[in-house]
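This report concerns only the one structure given below.
Model, not experiment: these values are computed from the prediction. Numbering of residues begins at 1 and proceeds along the displayed sequence.
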Amino acid sequence: MVLQDQDVSTSFFSANLKFLQFQVTWMQLISPCFWEEVCIILQLGFVGIILLPLVQKISSKTSRNIAAQASKDYPIVAKVSLSYRASIVCSSLMLCIHVLKLLMLLYSMNDTRCNSKLEAYSSEIVPVISWAVTIIVVCLVPKRKHIRFLWILRTWWAFSFFFSIISTVLDTYLKTEEHGYLKMIDYANFISLLPSFILLIISIRGKTGLIFIDSHNIAEPLLSGKTDKDSNKKRGSPYGKATLFQLITFSWLNQLFSVGIKKTLEEDDIPDVDVKDSAEFSSFAFDQNLKQVREKDGSTNPSIHKAIFLFIRKKAAINAMFAVISAGASYVGPYLIDDFVNFLAEKKTRDIKSGYVLALAFLGAKMVETIAQRQWIFGARQLGLRLRASLISCIYKKGLVLSSPSRQSHTSGEIINYMSVDIQRFTDFIWYLNIIWMLPIQISLAIYILHTSLGLGSLAALAATLIVMSCNIPITRIQKRYQSKIMDAKDDRMKATSEVLRSMKTIKLQAWDSQFLHKLESLRKVEYKWLWKSLRLAATSAFIFWGSPTFISVVTFGACMLMGIQLTAGRVLSALATFRMLQDPIFNLPDLLSVIAQAKVSADRVASYLQEEEIQQEAVEHVPRDQTSFDVEVDNGKFSWDPESTNPTLNGVQLRVKRGMKVAICGAVGSGKSSLLSCILGEIEKLSGTVKVSGTKAYVPQSPWILTGNIRENILFGNPYDNNKYDRTVKACALTKDFELFACGDLTEIGERGINMSGGQKQRIQIARAVYQDADIYLLDDPFSAVDAHTGTQLFEDCLMGILKDKTVLYVTHQVEFLPAADIILVMQNGRIAQAGTFDELLKQNIGFGNLVGAHKKALEFVVTVENSSKTCQDLGSDGESDTDLTSNAQQLQQKHGSDRLHPQEITENGGKLVQDEEREKGSIGKEVYWSYITTVKGGFLIPIILLAQSSFQVLQIASNYWMAWASPPTSETEPTLGMKFVLLVYSLLAVGSSLCVLVRAMLVAVTGLWTAQTLFINMLHSVLRAPMAFFDSTPAGRILNRASTDQSVLDLEMASRLGWCAFSIIQILGTIAVMSQVAWEVFVIFIPVTAICLWYQQYYIPTARELARLAGIQRAPILHHFAESLAGAAAIRAFDQENRFINANLGLIDNHSRPWFHNVSAMEWLSFRLNLLSNFVFAFSLVVLVSLPDGTINPSIAGLAVTYGINLNVQQASVIWNICNAENKMISVERILQYSNLASESALEIEECRPHNNWPEVGTICFRNLEIRYAEHLPSVLKNISCTFPGRKKIGVVGRTGSGKSTLIQAIFRIVEPREGSIIIDNVDICKIGLHDLRSRLSIIPQDPTMFEGTVRGNLDPLVQYSDNEVWEALDKCQLGEIVRAKEEKLDATVIENGENWSVGQRQLFCLGRALLKKSSILVLDEATASVDSATDGVIQKIIDQEFKDRTVVTIAHRIHTVIDSDLILVLSDGRVAEFESPAKLLEREDSLFSKLIREYSMRSKTFQQLKKSA
C-alpha cells in the first residue's frame, strides 16, 4: 500500500487539537433556521409518501370489502416478535419526546436558535405528525402480513437517527461555546438517541419477525407470500420483469434473499432465467450466426470464432461502454483531490458552496463508477452464461451426428472436458474482455495526472510502465504453452478416469485395482508437473507486477532528479498515489494475457471438435411408402468404418427387402452382420452404391443401451403412454413376470447403464422400446443372445412372429434355431453377403451355411442323446402348457418361501430408487472443511510463514512510502535535509525488500495450494477406487467426473489464491487503519457503523449465495451425465429420429444449471453494489465534514491524506467481505471432493494374518452356506438362502430364467456384493476372511458384458505384463483371434479404441476368453461367455475350455443349453433360490423338473419355428 506522509508531527497534533475548537463563524455561514428547514422538508416528504397509498386504499370500497370478506373466511392471527414490539415502543417514545419538546417550545422560544416562530413551531409539529403516522403504519403491518418493514419506514428511521445525532452534537457544542447551560430540551435530545439508535438497527435488519397463525392453528413464517399451490406453477423471471431502478440496484433479487435467509434454498425456490438467457434462445441465436457465417464464407465448416464474434458483439459493445465509463469515472477522484486540497488551503477567500460542489462532484463520479462497474461485470457474466449455453448445446448436437472416425478420435472424457473446463474458460474470457478496452484509458489517465504534477517525469513513468508490460510477452507465450500441456494432460487423465469408471466391474473382477490406480496416478503426475510449472511462472509474474510500482517509482524519481525536477512532499505523495492507481491495470494485464492464452487454447480445441466430420445425412435415401413395395433396398453398396482403409468393411452388398418380410442375418464373428444393419441406418460411411429406406425405423443394438430413469420411461422413449398398447408390448417382450418381482413394477428406477438389471432384462427392455415405437422397419442386432431358452422362445413367438408379424424385420442371430422361420436368410462372410435364401435352400447349397447349422445340429444331437439316456419321456405337450408349468412351478416356489418376501413398507420406502439424488451439504460450510484444507499439507506449517511474508511486505511498503514522504522537502523553497540520492537508495532497498516478500509469499502459496490439491486428489482417487460396487451402481459417473474435472481444477488453480486473498486483504486493511489512525482519526469514527453494516450484509448474503453455488455445482453433473448417455446411444437416438427430443432435454438441463448460476453471480453484484454505496456515502460524508470544518481546523495536506485513505479503507473493507464470500463459494469444491474422500470402502485387498497359501485354491471346491444377497438395504434380497456345494475339478452349469439371480451368484463368489447372511467357502477357506486381491486374483471370469480398454491388444490381454509374447499369441490362437490379429500391421500392438468399439462384440468376448486362458486359474467362471458368438465358434470355444480347464472347476452360466448339458452338475435357480441341484441325468429323469422343461423347450424350438414359418 502507498503511505502518505505527515511532515511534521507537531503540526499533525496541533491540527487534531483544533478539531473541537469550532469557531462561531462557522454557523454564521449557514441560515439560523437551516436545520429546521431541512427537518421540515424531509419529514413532510416522508409523510406524503406514506399517506398517498393509504388514501388510495381507503378510497377503494371494493378492496376494503374484499379484504374484510377474506379476513372473515380465513382468520389469521399474527404472533408478534421482539423486533416488532421494539419498533412500536421506540416510535411511541419518539412521539412522546417530540410532543414534550413542542410543549417546551410553546412555553419558551428561548430554547431555539431559529428566529422564525412559524419555522420553529413547524420543526416540532411536523415530527409529531411523522411519528404519529409511523405508529399507525407499524400497527398496520400485521394486518397487511408484511414480513419486512416498508422501505420508506426504514429510510425514515435511519434518517431520524443521523439527524438526531448531528443536531444533538451541534446544539451541545454551540451551547458550550457560548458558555450557556443545558436545558430540558437538550436532555430530551440526548434521550431520543437511544430509541432512534434501536430503530436504526431494526431498519438495517428490515424484518418484522412476525409469525402468522391460520384458522387451523398451524404457525409458520410467511416466506414469500406464495402458497403451495403457487409454488407448483411455472417459475417466473424477476429479472425479466424488473424496472430500471431494480436493474440498477439488483433489488429484483430481494425476494430470493428473503427466502434464502429463512430456510435452505431448494431448486424450486430459484426463479427461471429470462427468455434471452435461456439455452433455447441462445442456442437458436448461435445457430443463426453459424448459418450466417456459412453463407458468407461459402464453406461447409464455418469459422466458430466468427460465429462467436457475431453472437457476442452487441452485448459485448454495451458491456464495453459501461467498462469505459467506469474506468474514466474512477480517475475523476484522483484528478479532483488537488483542487480539493487547494480549496481547503484557500477556504478564507473562496465560497463554501464551491467546496460542496466539489464534494458533490466526487460523489457523482463515484456513483457513476459504481453503477457502470456493477453493470459491466454483471453484463459480462450474463454474456458468458449465454455463450456457455449456446456452445454446450452446439457441442451436444455435434455429438449426436459425429461420424464413426470422428467419434473414435474424440473420447467421451475429452468431450466432457470441452463441456466443463473449456467452456468455463470462455466464460472467464468474456469477463476479462472488457479489461482490454479499460487498460489504455486507465494508463492514459494515470500518465496525464502524473504529467500535471511531475511534468516530463511522466514520460519516464510511461517508459517504465511499458517495460513492465513488455515483460508479459515471453511470460504469456510460455504460460500459453503450459496451459495447452495442462489441458492435454487433463484430457488424458479424464479419458482414463471415464474408462475406469465405466469398466469398474471388470477391473474389480480381474483384481486390476492397483494397476489402474497406478495408471491414473501416473497420468496425474504428468498433469501435476505442468501445473507446477504454470503456477511457478504465475508466482514469478506476481513478483514482477507487485514490484512494478516500486520499479516505476524508482525510475520516475530518478529521472526527475536527473532532469532537475524538484521532488517536494506533495509531488511525491501525489505520484505515489497515482502509481497505486496505475497498479490496477498492470495487475490485470498478466491475468488478462493468461486468460486470453487459455481461451485461445480452449477455442481452438472446441473449434476443432465442432468442425469434425459428421455422418452422411444423404447416405440413406428415404422413399415414401406409396412409391415402393420394398422397405429396404441396397444396390451395389460399398461401406467402411475407416474410409482411409484399403479394405472396405462391406463390399458388393445387394439387398432388397419387401414389406413385411422377416430377414435373418447370420455368419461368423466379425463377418459384418452388425455393419450390414449400420449401413441401413446410415451409421457407416458409404463409399459407393445406394441405400433406400421406406418407412420409420426402430433399432435394437447388440450392446443394450439403457437410459437412467425408470423402466416405463425407457420403454415409452418419449411417446405418450397408451395403456393397452403398453400392456401388449410388455407381454410380448416377456417382461410381465419381471415387473411382478420388482419392488415398484415398471416404475423401478434403472441405475446408470442399466447396472441393476440383468443382461436379459436390459435386452428385453430395449426390445420393448422398439416395439412400442410401432415403426415400419425393425433392425434387431442379436436380440436373443442375452436371454435364456424359454424367454428367447417366448420373445420370438410373441414378439417377432406375433406383435411384429406385419412389420419388416431384419434380425442378426447366432442361434440357428431362429433361422427357419425367416423369409430369407443372409449369410455374411468377410464383409459380403455370401449366401441368401430360405433355410432349406441354403442347406442344399451346402457351403458356409452348412458349417453353422452343422455345429448347431451337433450340439442339438448331444442334448437329445443326453435326454434319451434318461428314462423315457411322456408326450411333451404344447408350448403353452410348458410355459404354464414353468410359471406355476416358480409360483409354488414363491408361495413356499412367501414368508421371506419383503414387507410392503420396505418396498415403498425408497420407491424402487437405486440412484439417489446427489448428496448436498446444507447450511454454512463447516469449519472442519476449512481446517481440513488448511492442514492437509504437514498440518498447515507453511501458513504462518505465508502470513509473515505478507505482513512483512505490508510493513516494508508502508515504511518505504513513509521514508520517501518524510525525507522529501515540504515545499520547493525548502532545502532537503538529506541527499536525494541517499533518499532514493534507501527507498529502493525498502521497496525491493517488500517485493522479495511478495515473491516468497507467491511461491509458498503456489507450493502449498498445489500440494494440498494433489493430496486431496489422491485421497479422493483412492477412496473412489476402493469403494464397493454398490457405490458405482447408485452413483452416475458424471458426479465423479464432475469432481475430478471441474472441482479439481478449482483446487489446482484457484482455491489457494482465493483463500490467501482473504488473509492478505485483512492484513492490507489493518495496515491502512494503522496509517489512518495517525493521519485523521476523526474521520475514522464513521467506519465503525459502516463495518457493522458490511458484516450484516455479509451474514444476509452468505446463506443464499452458498446454497446457489451448491445447487449450481450439483446441476452441472446431469448435463455431463446426459451427454455421456447420449453419446453412447447416438446410433439408437438417430435410428428412432429422437434427436430433437434429446436436444430439448439437454437445453432443459442447461437451464437447470443456469438458474442457480445466474442468480449466484447476480447475488454477488447485489452485495457489491450495496458495499460500494456504503463506501460512496461514507466518502461523501467525510468530504462534507472536511468542507464544513472552519478554516485552520485541520491541515489541508492532512485532509487530503484523510480523504485518500478514507477511500481506500472502504474499498478494502468491501474487498475483505468480497474475498471471504468468494472463498466460501469456491470452498464448496473442497467440500464436494472431501465428500468422496471418505467413502465406505471395500474390505482390505490383503489381510496379512489371513493370506491363503500360494497354490490356493488347489481343488476348487465351492461351498455355499445359507447365502443371502441384496444390493442395498432398501432393496429386496436377490439371492435367498442358497445352500449347496460345487465339488472341485467338476463342471457346474447354472441355469434359470432371466433375472433369477445367476449373475448375482457369480458376483458373490468374487465378493463384488458382500453376503448379507451366510458364507462362501472355497477349499476350506472362508472367502470373507481373506483379502479381496488374494481372492479375485486366484479366480478367472469371462463376464457377461465384454470390456476392453483403450490401448493395444497385448495391453488388453495382459495389462499386468506377466506373460511373454509367445504365451499371448498362444492364447489368441486358442480363442480364434490369432489370424485376425496377425492380419493387422501392428500385430500385438494393434489399436483398441475407447470401449473396444473397433472390434465386434463377439470379438471382445473372445478377448475376455483369452485373458482367462492366460491366467489359468483353478476356478473359471463363464457368465454368458459365448452369448455373442455363432454356434460354430461357440463349439470351438467349448472344446478349448474342455481341454484347457479339464482338471479345474468350471462354473458356467448359459442360455444355450448345449453349453451346460455335459456338466457334472446343474444348478437351477428360480427367483433367487435353489430350485434344483443334481446331475443332468437325474434332473432329466424327473418330468416335472425345471431343467427337463428347459431341455424340451430347446430341442423343440427348431421344429416349432418351422411350423411357425409354415403357418405364417
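- No side-chain heavy atom of Leu1335 sits less than 4.5 Å from a side-chain heavy atom of Phe1310.
- Atoms CZ and CD1, from Phe1445 and Ile1419 in turn, are 12.0 Å apart once rounded to the nearest 0.5 Å.
- Residues Ala1412 and Ile1342 approach most closely at CB-CG1, 3.9 Å, considering heavy atoms.
- Checked by atom type, the side-chain pair Asp1052/Gln1048 shows a donor-acceptor distance below 3.5 Å.
- Trp1256 is not listed as a side-chain neighbour of Asp1334, based on a closest heavy-atom distance of 4.5 Å or more.
- The existence of a salt bridge linking Arg764 and Asp738 is confirmed by a sub-4.0 Å separation between a basic side-chain nitrogen and an acidic carboxylate oxygen.
- At least one test fails for Arg1354 against the ring of Trp1369: distance under 6.0 Å to the centre or angle within 45° of the axis.
- In terms of heavy atoms, Asp1447 sits closest to Arg1289 at O-CG, 3.1 Å.
- Looking only at side-chain heavy atoms (C-beta outward), Leu1339 and Val1421 stay at 4.5 Å or farther from each other.
- Closest heavy-atom contact between Ser1243 and Arg1311: OG-NH2, 2.8 Å.
- A 4.5 Å side-chain heavy-atom check between Lys485 and Lys529 finds every atom pair outside the cut-off.
- Here the straight-line distance linking atom OG1 of Thr497 with atom CE of Met494 works out to 5.5 Å at 0.5 Å rounding.
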**Q.** Stepwise side-chain contact (heavy atoms from CB on, under 4.5 Å) check, Leu1422 with Ile1453
**A.** CA-CA 6 Å; Leu1422 291 91; Ile1453 292 178; over 6 Å; no

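- The closest side-chain donor-acceptor pair between Gln1307 and Thr1304, if any, does not fall under 3.5 angstrom.
- Across Arg1411 and Thr1347, no two heavy atoms sit closer than the pair NH2-O, 2.8 Å.
- Taking NZ of Lys525 as the reference point, atom CD1 of Ile1018 lies at 8.0 Å (rounded to 0.5 Å).
- Cation-pi geometry between Lys1415 and Trp512 is not met: the NZ or CZ atom fails to fall both under 6.0 Å from the ring centre and inside 45° of the normal.
- Using a 4.5 Å heavy-atom cutoff, the side chains of Arg1316 and Ile1269 are not in contact.
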Q: Verify side-chain contact (heavy atoms from CB on, under 4.5 Å) between Leu1016 and Thr936, making sure each step is shown before the conclusion.
A: CA-CA 8 Å; Leu1016 290 175; Thr936 296; 4.0 Å; yes

Q: Applying side-chain contact (heavy atoms from CB on, under 4.5 Å), run through Trp1399 and Leu1406 and close with a yes or a no.
A: CA-CA 10 Å; Trp1399 299 83; Leu1406 293 174; over 6 Å; no

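- Under the 4.5 Å side-chain criterion, counting only non-hydrogen atoms from C-beta, Ile765 is in contact with Ile711.
- Between Phe1286 and Val1451 there is a side-chain heavy-atom pair separated by less than 4.5 Å.
- Using cut-offs of 30° and 60° on the angle between ring planes, the pair Tyr1236 and Phe1031 is perpendicular.
- Between Ser1023 and Ser1237, the shortest heavy-atom distance links the atoms OG-C, 3.4 Å.
- Looking at Thr708 and Glu1125, their side chains do bring a donor and an acceptor atom within 3.5 Å of each other.
- Across all their heavy atoms, Ile706 and Lys762 have their closest contact at CD1-O, 3.6 Å.
- Residues Ile1040 and Val1024 form a side-chain contact, since some pair of their non-hydrogen atoms from C-beta on lies under 4.5 Å apart.
- By the 4.0 Å N-to-carboxylate-O rule, Asp492 lies too far from Lys519 to be salt-bridged with it.
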Q: Just do the salt bridge (Lys or Arg N to Asp or Glu O under 4.0 Å) check on Arg1116 and Asp1047 with the steps written out, would you?
A: CA-CA 11 Å; Arg1116 270 199 309 259; Asp1047 291 318; 3.3 Å; yes

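- Atom CG of residue Leu1051 and atom CD of residue Gln1014 lie 11.0 Å apart, to the nearest 0.5 angstrom.
- Salt bridge status for Arg1382 with Asp1373: present, with a side-chain N to carboxylate O gap under 4.0 Å.
- Counted by atom type alone, Ser674 and Asp781 present one or more donor-acceptor pairs between their side chains at under 3.5 Å.
- Rounded to the nearest 0.5 angstrom, Ile1327 CD1 and Ile1320 CD1 are separated by 4.0 Å.
- Between Lys495 and Glu499, none of the side-chain N atoms (NZ, or NE/NH1/NH2) sits under 4.0 Å from a carboxylate O, so this pair counts as no salt bridge.
- Using a cutoff of 4.0 Å between basic side-chain nitrogens and carboxylate oxygens, Glu521 and Arg524 are not scored as salt-bridged.
- Once rounded to the nearest 0.5 Å, the distance linking CD1 of Ile1233 with CG of Leu1021 reads 11.5 Å.
- Side-chain contact of Lys1384 with Thr1391: a donor-acceptor pair under 3.5 Å is absent, judged by distance alone.
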**Q.** Criterion side chain to side chain donor-acceptor pair (under 3.5 Å) on Arg1338 and Ser1418, from CA distance to verdict
**A.** CA-CA 8 Å; Arg1338 309 292 180 90; Ser1418 297; over 6 Å; no

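- Relative orientation of the Phe516 and Phe1349 rings is tilted, given thresholds of 30° and 60° on the angle between their planes.
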Q) Could you walk me through whether Leu1041 and Ser498 pass the side-chain contact (heavy atoms from CB on, under 4.5 Å) check? A) CA-CA 7 Å; Leu1041 292 173; Ser498 179; 4.2 Å; yes

